[in-house]
Amino acid sequence: MTHPDPPASRKRTKATSIDIAHHAGVSQATVSRVLRGSPLVNAETRRRVEEAVRELNYTVDRHASSLRLQRSGTLALLLFEDPTADDSHINPFFLSMLGSITRACARAGQDLLVSFQQLSDDWHADYADSRKADGLILLGYGDYLSYRGKLDTLLEQGTRFVRWGAVLPDQPGLSIGCDNFHGGELVGQHLAGLGCRRVAFLGDASSHYPEFLDRYRGCDAALRVAGGAMDPALQVDAQSAEDDGYAAARELLARSGAAGAAPGFDAVFAASDLIAIGALRAFEEHGLHVPGDVRLVGFDDIPTARFTQPALTTVAQDTSAAGELLVETLMALIDNQPAQSRMLPAQLVVRRSSGAAPG
């Protein structure tokens with residue numbers, strides 16, 4: 001004897017995100033954030049949603065979702081080449097952020113397409129009209145004024161993108177960045193507290209490199225509170241590379257006169273760790289001891305900073321949170337949800353190069 005199928009109302013249906021939201025007592029948007037691994041959801045809410053997902057045996061059908069929304073389910077990471085001492089052409093600062101972005105994409109159920117680009121190329125035209133990805137993450141430093149027009153083009157063509165960089169009032173699109181001004185303030189306060197009054201700066205402190213400019217201004221603000229100020233005569237342009245730092249430090253030393261002469265500065269704030277590492281070599285060749293003759297501070301806290309001789313005092317940026325927020329923000333844009341630029345806090349990491357740490 002056969003049994004008739006149960007009424008439709010009694011059939012077991014697959015749980016949806018709406019069911020999860022109702023079960024957990026949250027909005028559907030919050031469910032989406034939890035499933036994407038967003039760092040913006042508090043622990044208790046995340047726990048309730050994850051518990052509801054387990055109880056209702058909820059799974060995400062990526063293929064059906066992509067067809068329904070006409071999406072590729074892929075994000076593209078455009079990593080711009082930087083001048084480096086090796087053949088990698090990758091600023092080591094971005095390597096840890098790359099790992100964080102990869103993990104955040106996996107949690108969000110997105111594939112990640114990584115593409116290496118040169119800022120001078122027409123990368124914006126290649127991705128603006130293509131179906132390669134649902135949105136772009138842009139990583140890499142460079143002359144902001146030279147590539148701003150490409151960001152304008154992306155925005156005009158409706159490309160969803162978010163970049164790592166300075167948060168500026170009139171910028172095209174959204175960015176996630178470090179509070180560079182406060183990071184510079186931390187350096188200025190640190191050096192002023194050690195009695196430094198003549199602080200040199202290695203890095204392009206102009207609107208072409210707004211991150212470096214904010215670091216310079218922050219240090220200057222802190223020194224002014226202490227009764228000093230940055231001296232423009234002690235600023236030398238440099239991009240984020242060891243060779244640039246080496247050349248900039250030699251130029252700075254040349255202004256002090258012959259080899260062996262006491263420098264006209266008591267500390268150097270390098271706009272990046274790579275610049276600081278190059279400067280360290282130049283000072284050593286000149287016969288200057290760090291930190292005995294000159295104190296040195298970098299910015300970024302790349303892994304190598306711990307292993308220089310002496311270990312480098314620097315400013316750390318939260319690359320883990322940065323990667324998560326880049327993906328979170330881009331997914332919000334793709335989902336047509338509210339999104340905004342964000343600045344992450346900076347943290348001073350004191351080591352021997354500034355003369356304030358033991359050993």
Side-chain angles (χ1 to χ4, degrees), residues 40 76-80 82 91 93-94 97 101 117-120 123-124 127-128 135-188 201-222 230 232 235 237-240 269-272 275 299-300 315-319 321-334 337-347:
L40 303 180
L77 170 63
L78 273 57
L79 187 59
F80 298 106
D82 279 311
N91 186 324
F93 168 70
F94 292 115
M97 195 180 297
I101 290 170
Q117 301 284 336
Q118 292 185 344
L119 279 170
S120 58
W123 50 268
H124 61 304
Y127 281 87
L136 309 180
I137 296 173
L138 310 179
L139 285 188
Y141 291 127
D143 186 331
Y144 172 72
L145 296 184
S146 72
Y147 70 74
R148 177 186 167 130
K150 296 178 181 180
L151 300 181
D152 286 323
T153 300
L154 289 178
L155 203 60
E156 290 166 3
Q157 296 184 347
T159 302
R160 296 173 175 89
F161 71 92
V162 61
R163 67 184 181 89
W164 170 262
V167 177
L168 304 172
D170 60 345
Q171 68 184 27
L174 301 181
S175 61
I176 305 299
C178 173
D179 189 343
N180 292 289
F181 185 89
H182 182 57
E185 275 187 314
L186 293 174
V187 173
F201 185 84
L202 304 183
D204 189 335
S206 74
S207 55
H208 289 270
Y209 293 84
E211 295 94 343
F212 289 3
L213 178 58
D214 277 350
R215 294 168 194 179
Y216 178 91
R217 287 174 170 169
C219 187
D220 181 62
M230 298 291 281
Q235 183 270 323
D237 286 349
Q239 295 186 37
S240 189
F269 177 20
S272 77
I275 294 173
F299 205 106
D300 287 338
V315 176
Q317 305 182 71
D318 191 343
T319 55
E324 292 176 353
L325 281 174
L326 284 165
V327 174
E328 159 78 13
T329 303
L330 182 56
M331 290 303 299
L333 292 174
I334 293 170
Q337 295 181 5
Q340 61 183 1
S341 296
R342 296 279 298 275
M343 277 200 300
L344 296 171
Q347 179 180 2

Report yes or no: do [X] and [Y] form a side-chain donor-acceptor pair below 3.5 Å?
X	Y	result
Q317	D300	yes
Q171	S175	yes
D237	Q235	yes

Quick one: pull up [atom1] in [X] and [atom2] in [Y] and give me the separation to the nearest 0.5 Å.
X	Y	atom1	atom2	value
L136	L333	CG	CG	11.0 Å
Q347	D179	CD	CG	13.5 Å
M97	L139	CE	CG	6.0 Å
L330	I137	CG	CD1	5.5 Å
L168	R148	CG	CZ	8.0 Å
S206	F212	OG	CZ	10.0 Å

Which atom names give the shortest non-hydrogen contact between [X] and [Y], and what distance separates them?
X	Y	answer
M343	V167	CG-CG2, 3.5 Å
A271	F201	CB-CZ, 3.7 Å
D318	L344	O-CD1, 3.7 Å
W164	A322	CZ3-CB, 3.5 Å
H182	A346	CD2-O, 4.3 Å

Side-chain donor or acceptor of S146 paired with backbone N/O of D143 under 3.5 Å: yes
Side-chain (T329) to main-chain (L325) donor-acceptor, under 3.5 angstrom: yes
Sequence-distant partners of T319, side-chain hydrogen bond (donor to acceptor under 3.5 Å, both in side chains), two or more places apart: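 With neighbours one apart ignored, the set is S96.
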All side-chain hydrogen bond (donor to acceptor under 3.5 Å, both in side chains) counterparts of S207, not counting sequence neighbours: none
Close side-chain approach of [X] to [Y], heavy-atom, < 4.5 Å:
X	Y	value
F269	L202	no
F93	S240	no
M230	C219	yes
F161	L151	yes
L138	V162	no

Contacts of R217 that satisfy side-chain contact (heavy atoms from CB on, under 4.5 Å) - sequence neighbours left out: F181, L213, D214
Whether Y144 and Y147 hold their rings parallel, tilted or perpendicular, with breakpoints at 30° and 60°: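 The rings of Y144 and Y147 stand perpendicular, inter-plane angle above 60°.
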Lys/Arg-Asp/Glu bridge criterion (N-O < 4.0 Å) met for R215, D220: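 Salt bridge: no.
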